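Okay, so here's the structure we're looking at.
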Number of protein chains: 2
Amino acid sequence: MRLLPHPAMEDVELTEVLRALSDPIRLEVVVRLATDGETTCGKLGEDLGIHKSTASHHLRTLRESGLVFTKQDGRLKYMSLRRDELDDRFPGLLDAILSAARQDTRAGAHA
Amino acid sequence: MRLLPHPAMEDVELTEVLRALSDPIRLEVVVRLATDGETTCGKLGEDLGIHKSTASHHLRTLRESGLVFTKQDGRLKYMSLRRDELDDRFPGLLDAILSAARQDTRAGAHA
DNA sequence: CGCATAGTTTGATGGTTGTCAAACCATGCG
DNA sequence: CGCATGGTTTGACAACCATCAAACTATGCG
């Protein structure tokens with residue numbers, strides 16, 4: 001059960017967080033993490049129908065931006081949202097984005 | 001006093017809004033618009049020390065993403081935030097981002 | 001009409017990004 | 001140790017982006 005390097009929350013920049021969330025796949029990943037709790041890299045790749053290296057790339061982006069936390073357990077890497085820390089750093093931000101994303105999805109994709 | 005074409009708010013996509021705000025200059029522009037009200041393209045270029053064509057490019061991005069409204073009056077084009085419409089479309093989002101941006105700026109740039 | 005002013009458009013350039021595939025690395029199981 | 005499995009890294013490619021400069025457009029003033 002190892003931990004991986006993560007940026008300290010005070011070093012997390014708002015523009016980096018917003019950039020990470022501006023990709024539809026990464027936004028969907030964050031919504032799923034918020035809804036279903038933690039998941040693994042492989043499961044995400046399957047669920048979203050993308051190559052595993054692409055999933056790895058997005059998860060790295062999310063980790064480096066400060067949004068997700070990665071915990072290694074055996075061969076698996078579990079990703080989770082750094083929800084409390086983010087709420088502390090940017091109060092209300094994650095909630096607003098999550099509810100906007102959920103509403104956006106429910107309303108149907110505006111092609 | 002002419003109006004320019006703007007996207008309808010129901011066509012505004014969350015990821016586009018986040019992408020528009022993920023550029024430090026555009027985020028700063030939005031903060032200024034929220035604080036000081038409307039401004040012109042040329043003033044922004046001066047204030048931020050960027051070329052006027054760069055300012056024009058960023059303002060176009062902000063307009064197309066649905067964040068700002070452009071009103072032409074004579075030779076000047078006044079930009080303003082589509083605050084109420086955005087609040088209606090994505091409740092709480094703009095406020096959370098603005099307060100995060102202001103807090104981030106006050107805390108000093110984390111190089 | 002002619003000119004100055006405010007913005008936009010069009011290159012051109014250097015840098016970043018998302019994607020897949022293939023090679024690679026690390027971990028645990030037998 | 002050898003192998004399968006879960007992820008990462010690298011390479012390649014096409015698309016996109018921020019920036020400046022220069023040419024262009026549009027507007028109002030005299």
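Just so we're on the same page: letters track the sequence lines, and every chain starts at 1. Source: prediction; values computed, not measured.
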Worksheet item: When rounded to the nearest 0.5 angstrom, what is the spacing between CG in B/L93 and CG in B/L18?
Response: 6.5 Å
Practice prompt. Find the distance between OG (A/S65) and CZ (A/R19) and round it off to the nearest 0.5 Å.
Written response: 8.0 Å
Which heavy atom of [X] sits nearest a heavy atom of [Y], and at what distance?
X     : Y     : result
B/A20 : B/L62 : CB-CD2, 4.2 Å
B/M9  : B/R89 : O-NE, 2.9 Å
A/L81 : A/A34 : CD1-CB, 3.7 Å
A/R82 : A/G66 : CD-O, 3.2 Å

Practice prompt. Look at the side chain of B/H51 and decide which nucleotide, out of D/dC20, D/dT8, C/dA6, has an atom nearest to it.
Written response: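 Given the options D/dC20, D/dT8, C/dA6, the side chain of B/H51 is closest to D/dC20.
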Discussion item. Test of understanding: with ring-ring contact (aromatic ring centres under 6.0 Å, His included), list the residues that count as partners of B/H6, not counting sequence neighbours.
Written reply: B/F69
Measure all distances between protein nitrogen or oxygen atoms and nitrogen or oxygen atoms of nucleotides 9-11 of chain C, and list the pairs falling under 3.5 Å.
residue: C/dT9; atom: OP2; partner: B/R60; partner atom: NH2; Å: 2.7

Fill in: Evaluation steps, side chain to side chain contact (heavy atoms under 4.5 Å, CB included), between B/T61 and B/R26
CA-CA 9 Å; B/T61 301; B/R26 285 192 295 258; 3.7 Å; yes
Fill in: Qualifying residues under side chain to side chain donor-acceptor pair (under 3.5 Å), relative to B/K43, sequence neighbours excluded
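Result, side chain to side chain donor-acceptor pair (under 3.5 Å) vs B/K43: B/D47.
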Gap between atoms [atom1] and [atom2], on [X] and [N] respectively (whole Å):
X     : N      : atom1 : atom2 : value
B/Y78 : D/dT27 : OH    : P     : 16 Å
B/K77 : D/dT25 : NZ    : P     : 14 Å
B/K71 : C/dA6  : NZ    : P     : 17 Å
A/L59 : D/dG6  : CG    : P     : 15 Å
B/L76 : C/dA4  : CG    : P     : 18 Å
A/L62 : C/dG18 : CG    : C1'   : 14 Å
A/D73 : C/dT27 : CG    : C1'   : 11 Å

Worksheet item: Quick one: side chain to side chain contact (heavy atoms under 4.5 Å, CB included) partners of A/R60, sequence neighbours excluded?
Response: A/R63, A/E64
Practice prompt. Verify whether one side chain among A/R102 and A/T35 offers a donor that lies under 3.5 Å from an acceptor in the other.
Written response: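 Distance-only check passes for A/R102 and A/T35.
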Worksheet item: Does A/H58 or A/R75 map to a spot on DNA chain C nearer the 5' end, using the closest nucleotide for each?
Response: A/H58
Item to complete: Ignoring backbone atoms, establish whether A/T40 has a side-chain N or O less than 4.0 Å from OP1 or OP2 of D/dG6.
Response: no
Got a list of protein N/O to nucleotides 12-14 of chain D N/O distances below 3.5 Å?
none

Worksheet item: Among residues 18-31 of chain A, which contact DNA chain C at a heavy-atom distance under 4.0 Å?
Response: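 Heavy-atom cutoff 4.0 Å gives A/R19, A/D23, A/I25, A/R26.
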